[in-house]
S.K.: 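Take this structure first; my questions come after.
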Amino acid sequence: MTTIRLTNTKTRTKDVFEPIDPDNVRMYVCGPTVYDRAHLGNARPVIVFDVLFRLLRHVYGADHVTYVRNFTDVDDKINAEAQRRKGLGDPRSLEELIRERTEETIRWYHEDMDALGALRPTQEPRATEWIGAMIAMIGDLIARGHAYEKAGHVLFRVRSYQGYGKLSGRSVDDMIAGARVEVAPFKEDPMDFVLWKPSTDDLPGWDSPWGRGRPGWHIECSAMSHELLGDSFDIHGGGIDLQFPHHENEIAQSMCAHPEADFARVWMHNEMLQVEGKKMSKSLGNFFTVRDLLDKGIPGEVIRFVFLSTHYSKPMDWTEEKARQAEATLRKWRGLVAGVEPAPSPAPSVVTALADDLNTARAIAELHALAGKGDAAGLKASAEMLGLLVAEIDTGWWRSITVAAGTGRATGQGHAPSVVVGTSALEDAAKVLSEARKVALASKDFSRVDAIRRALSNAGVEVRMSKAGIELIPGTNFDPAKLEALK
RNA sequence: GGCGGGUUGGCGGAGAGGUUACGCAGCGGAUUGCAAAUCCGUGAAGACCGGUUCGAUUCCGGUACCCGCCUCCA
């Protein structure tokens, strides 16, 4: 069996992964707060842990891996958006407006992450559906002396858990010295964090032993992972930004509620995304969503490739240039594997690369080696380990139209040309160009051929001509309307 | 202030204490109406200063610079 090694943030070492139960390998990844479209940074953990999910399924069997990723649908930003809509005169209740907002955001999230080729997790619990489990856990923490009620709030007593700060390498005293902690009069200690807080009448709330209120942010992951994966499970993932305080607080809650268990054995964190060398942020004006890129015509597969070309533990820089290179590579590979049956199993070199702490960059290098050897079947089977070259995200963006010299008949590479989106104009152009070229080759006057080529290039189409015939390759910026001039 | 990540050839980006990463771009050649694509070949690196070692880009220490988290934004 393949030996998987993973870097564990908890121990800061790369260790052999040994599941608690090989028949049910369990992974929890922190999911999005569903108040708006997922931005590009949100996509990184999704893609990283999707590859891990695929690897685990390959090694332990597709039915022996449970992957849970939550939706946080209790949040001030969601409330704010619902209140905004109510303020605009929407007659429905706040609860209805919140539900509508989270429903539509979850739908968008699924659409966008599907487009990136991410498999749906086994379960996607919503916080609002597990409030009871959270209340029970909070009650338990109070009973065990790890939490206290004060002024309608329930707070976690950080000093009661001696392991606090271990994951992120911080000490409570140092953090207080740093003075970046919220001071509140009802806290015994400035580091204590909220498990439950009261809701006013104009905010959503649930009845609890401490009055009508809502849960703090961290408790949902502790409660839901426990309900769905048990006291101890194998892997907990998320972005490095969540390491503190979110994951530290999760550990404190779960370890104190279930002191006999391990909670998560392996902690994995992906590094952050940058855009053209800078942090992506609204204030810098370089903030964009996954949907923005898809709408610009960048295929989800290309976005995925760019993400996987950098190891998850390093900051990843999104650049136009990388997207361009990824597109060129995938276009070549798509052409190579079109119509080819995948090999029965992925290349060992690719599996080995992924098993070595998810070395996706090396895995891609191995894919280049397979492509270089012309092993299309092996390339296809291996790329699927990375979620690349799979049918689910094949929108046909890479297809081209070929007119073989002599026949004058247009054919689509791998598929009938009619399948290619917006290509009836392109097919006509291919025939026109082919005919013009035939004439030009006899007359030696290529002016019309060159004019057509310029027009095609202007419309975002790459033109290749050889003795065998011509090939038209619409780029992601292909604009069929600009081909009208050729008629 | 505390904590963490990074610095590799023109660009992107890996592994390994001593042997070619890989991709893109470049250069030479084949091919071509031209241009691509394709094929063959090829040059190019390890922020800086010390240390360990027969030997370090790879290990250790320090310096510089970049980035992030600790604060709504992952």
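Every chain is numbered from 1, with letters handed out A, B, ... down the list of sequences.
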S.K.: Report yes or no: does A/Ser382 contribute a side-chain atom to a donor-acceptor pair with the main-chain N or O of A/Ala347 at less than 3.5 Å?
M.R.: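 Present.
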S.K.: Determine whether a donor-acceptor pair (N or O, by modelled atom type, separation under 3.5 Å) exists between the side chain of A/Lys10 and the backbone of A/Ala264.
M.R.: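 Judged by distance alone, yes, a pair lies under 3.5 Å.
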S.K.: Is there a donor-acceptor pair closer than 3.5 Å between any side-chain N or O of A/Asp73 and the backbone N or O of A/Ala127?
M.R.: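 Between the backbone of A/Ala127 and the side chain of A/Asp73 there is a qualifying donor-acceptor contact (under 3.5 Å).
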S.K.: Under a 3.5 Å limit for both distances, which nucleotide forms a Watson-Crick or G-U wobble pair with B/G4, could you say?
M.R.: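 Its partner is B/C67.
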S.K.: Specify the separation, in whole Å, of atom CH2 of A/Trp318 and atom C1' of B/G68.
M.R.: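 The answer, rounded to whole Å, is 20 Å.
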S.K.: Measure from the side chain of A/Pro315, starting at C-beta and using heavy atoms only, and say which of B/G15, B/G5, B/C24 lies closest.
M.R.: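 It is B/G5.
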S.K.: What is the distance from CE of A/Met316 to C1' of B/A14, rounded to the nearest Å?
M.R.: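 For the pair A/Met316 CE and B/A14 C1', the rounded distance is 16 Å.
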S.K.: Taking for each residue the nucleotide of RNA chain B with the nearest heavy atom, is it A/Lys14 or A/Asp75 whose nucleotide lies nearer the 5' end?
M.R.: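 Looking at RNA chain B, the more 5' nearest nucleotide goes with A/Lys14.
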S.K.: Checking contacts here: which listed nucleotide (B/G33, B/C67, B/A37) is nearest the side-chain heavy atoms of A/Arg464?
M.R.: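 Of B/G33, B/C67, B/A37, B/A37 is nearest to the side chain of A/Arg464.
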S.K.: Which part of the nucleic acid, if any, lies within contact of A/Glu271, taking any heavy atom under 4.0 Å across all strands shown: a base, the sugar-phosphate backbone alone, or nothing?
M.R.: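 Answer is sugar-phosphate: A/Glu271 comes under 4.0 Å of backbone atoms only.
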S.K.: Nearest-nucleotide wise, let me know which of A/His39 and A/Phe446 is further upstream toward the 5' end of RNA chain B.
M.R.: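 Final value for this comparison: A/Phe446.
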S.K.: Using a 4.0 Å heavy-atom cut-off, does A/Lys322 contact any base of the nucleic acid, only the sugar-phosphate backbone, or nothing at all?
M.R.: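 The answer is sugar-phosphate, as A/Lys322 gets under 4.0 Å only of primed atoms, P, OP1 or OP2.
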S.K.: How far does the C1' atom of B/G68 sit from the matching atom of B/C11, given to the nearest Å?
M.R.: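 Nearest-Å result for B/G68 against B/C11 at atom C1': 23 Å.
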S.K.: Give a yes or no on this: more than 12 heavy atoms of other residues, nucleotides or ligands lie within 6.0 Å of atom CZ of A/Arg448.
M.R.: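 Not more than 12 within 6.0 Å, no.
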S.K.: Rounding to a whole Å, what distance do you find between A/Lys332:NZ and B/C22:C1'?
M.R.: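 Distance check: A/Lys332 NZ to B/C22 C1' gives 12 Å.
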S.K.: Quick one: do A/Asp50 and A/Arg304 make a salt bridge, cutoff under 4.0 Å?
M.R.: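 A/Arg304 and A/Asp50: salt-bridged.
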S.K.: Would you mind classifying the nucleic acid contact of A/Ile473 as base, sugar-phosphate or nothing, using non-hydrogen atoms under 4.0 angstrom?
M.R.: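 No contact.
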S.K.: Between B/C73, B/A14, B/U32, which one does the side chain of A/Lys77 approach most closely?
M.R.: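 Of B/C73, B/A14, B/U32, B/C73 is nearest to the side chain of A/Lys77.
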S.K.: Using a heavy-atom cut-off of under 4.0 Å over every strand shown, decide if A/Phe305 touches base, sugar-phosphate, or nothing.
M.R.: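 The answer is nothing, as A/Phe305 stays clear of every strand by at least 4.0 Å.
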S.K.: Please give the distance between the C1' atoms of B/A45 and B/C34 as a whole number of Å.
M.R.: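 Nearest-Å result for B/A45 against B/C34 at atom C1': 37 Å.
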S.K.: Any N or O donor-acceptor pair under 3.5 Å from the base of B/G33 to the side chain of A/Asp450?
M.R.: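 Counting by modelled atom types and ignoring angles, a donor-acceptor contact under 3.5 Å is found here.
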S.K.: Just to be sure I understand the rule, does A/Phe244 reach a base, reach only the sugar-phosphate, or reach nothing, if contact means heavy atoms closer than 4.0 Å?
M.R.: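 The residue A/Phe244 makes sugar-phosphate contact but no base contact.
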S.K.: Under 4.0 Å, heavy atoms only, any strand: does A/Gln243 hit a base, just the sugar-phosphate, or nothing?
M.R.: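 The answer is nothing, as A/Gln243 stays clear of every strand by at least 4.0 Å.
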S.K.: Within the distance-only criterion (no hydrogens, no angle test), does the side chain of A/Asp317 pair as donor or acceptor with the backbone N or O of A/Thr319 below 3.5 angstrom?
M.R.: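 The answer is no, because no donor-acceptor pair under 3.5 Å joins these two groups.
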S.K.: Is B/G33 paired to anything, Watson-Crick or G-U wobble with both distances less than 3.5 Å, and if yes, which nucleotide?
M.R.: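 Pairing partner, where one exists within any strand: none, as none qualifies.
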S.K.: Would you measure the distance from the C1' atom in B/C65 across to the matching atom in B/U32 and give it in whole Å?
M.R.: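 Pairwise C1' distance, B/C65 against B/U32, rounds to 49 Å.
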S.K.: Rounding to an integer number of Å, can you tell me how far A/Arg324 CZ sits from B/G13 C1'?
M.R.: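 Nearest whole value for this atom pair: 16 Å.
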S.K.: Tell me which nucleotide among B/C24, B/A36, B/G5 gets nearest to the side chain of A/Glu462.
M.R.: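 The closest nucleotide is B/A36.
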S.K.: Calculate the interatomic distance between A/Arg454 atom CZ and B/C34 atom P; express it in whole Å.
M.R.: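 The distance from CZ of A/Arg454 to P of B/C34 comes to 17 Å, rounded to the nearest Å.
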S.K.: Suppose we call a contact any N or O donor and acceptor under 3.5 Å apart; does that hold for the side chain of A/Arg453 and the base of B/A35?
M.R.: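 It does, because a donor-acceptor pair links the side chain of A/Arg453 to the base of B/A35 below 3.5 Å.
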S.K.: Between B/G17 and B/G46, how many Å separate the two C1' atoms, rounded to a whole number?
M.R.: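 About 15 Å, rounded to a whole number of Å.
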S.K.: Tell which nucleotide pairs with B/G15, taking only Watson-Crick or G-U wobble pairs whose two distances are both under 3.5 angstrom.
M.R.: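 Pairing partner, where one exists within any strand: none, as none qualifies.
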S.K.: Starting from C1' on B/U38, measure out to CE on A/Met465 and report it in whole angstrom.
M.R.: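 Taking atom C1' of B/U38 as the reference, CE of A/Met465 is at 16 Å.
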S.K.: With both distances kept under 3.5 Å, what pairs with B/A44, Watson-Crick or G-U wobble?
M.R.: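 Partner of B/A44: none.
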S.K.: Mind calculating the distance between CG (A/Asn42) and P (B/C73) to the nearest angstrom?
M.R.: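 Result: 11 Å.
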S.K.: Tell which nucleotide pairs with B/C59, taking only Watson-Crick or G-U wobble pairs whose two distances are both under 3.5 angstrom.
M.R.: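 Pair assignment: B/C59 / B/G51.
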S.K.: What's A/Thr310 touching, base or sugar-phosphate or nothing? Going by heavy atoms closer than 4.0 Å.
M.R.: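 It contacts sugar-phosphate atoms only.
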S.K.: Expressed in whole Å, how much space separates the C1' atoms belonging to B/G43 and B/C27?
M.R.: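 About 8 Å, rounded to a whole number of Å.
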S.K.: Could you give the CD-to-P distance, from A/Gln325 to B/C22, as a whole number of Å?
M.R.: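 In whole Å, B/C22 P lies 16 Å from A/Gln325 CD.
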S.K.: B/G9 pairs with which nucleotide, Watson-Crick or G-U wobble, both distances below 3.5 Å?
M.R.: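 Base-paired to nothing in any strand shown.
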S.K.: Please report the distance separating the P of B/G26 from the corresponding atom of B/A36, rounded so that it comes out in whole Å.
M.R.: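 The same atom, P, in both gives a distance of 9 Å.
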S.K.: Between the side chains of A/Trp397 and A/Glu301, does any donor sit under 3.5 Å from an acceptor?
M.R.: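 Distance-only check passes for A/Trp397 and A/Glu301.
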S.K.: Does a side-chain N or O of A/Lys279 approach OP1 or OP2 of B/C69 to a distance below 4.0 Å, or not?
M.R.: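 For B/C69, OP1/OP2 do have a side-chain N/O of A/Lys279 under 4.0 Å.
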S.K.: Ignoring the backbone of A/Met272, work out which of B/G33, B/G68, B/C67 is nearest its side chain.
M.R.: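 Of the candidates, B/G68 comes closest.
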S.K.: Can you tell me, in whole Å, how much space there is between the P of B/G18 and that of B/G23?
M.R.: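 The answer is 22 Å between these two P atoms.
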S.K.: How far does the P atom of B/G50 sit from the matching atom of B/G41, given to the nearest Å?
M.R.: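 Result for the P pair: 41 Å, nearest Å.
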S.K.: Does A/Tyr35 offer a backbone N or O that forms a donor-acceptor pair with the side chain of A/Arg101 under 3.5 Å?
M.R.: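 Judged by distance alone, yes, a pair lies under 3.5 Å.
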S.K.: With a cut-off of less than 4.0 Å, is there a side-chain N or O of A/Lys314 near OP1 or OP2 of B/G13?
M.R.: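 So the side-chain polar atoms of A/Lys314 never come under 4.0 Å of the phosphate oxygens OP1 or OP2 of B/G13.
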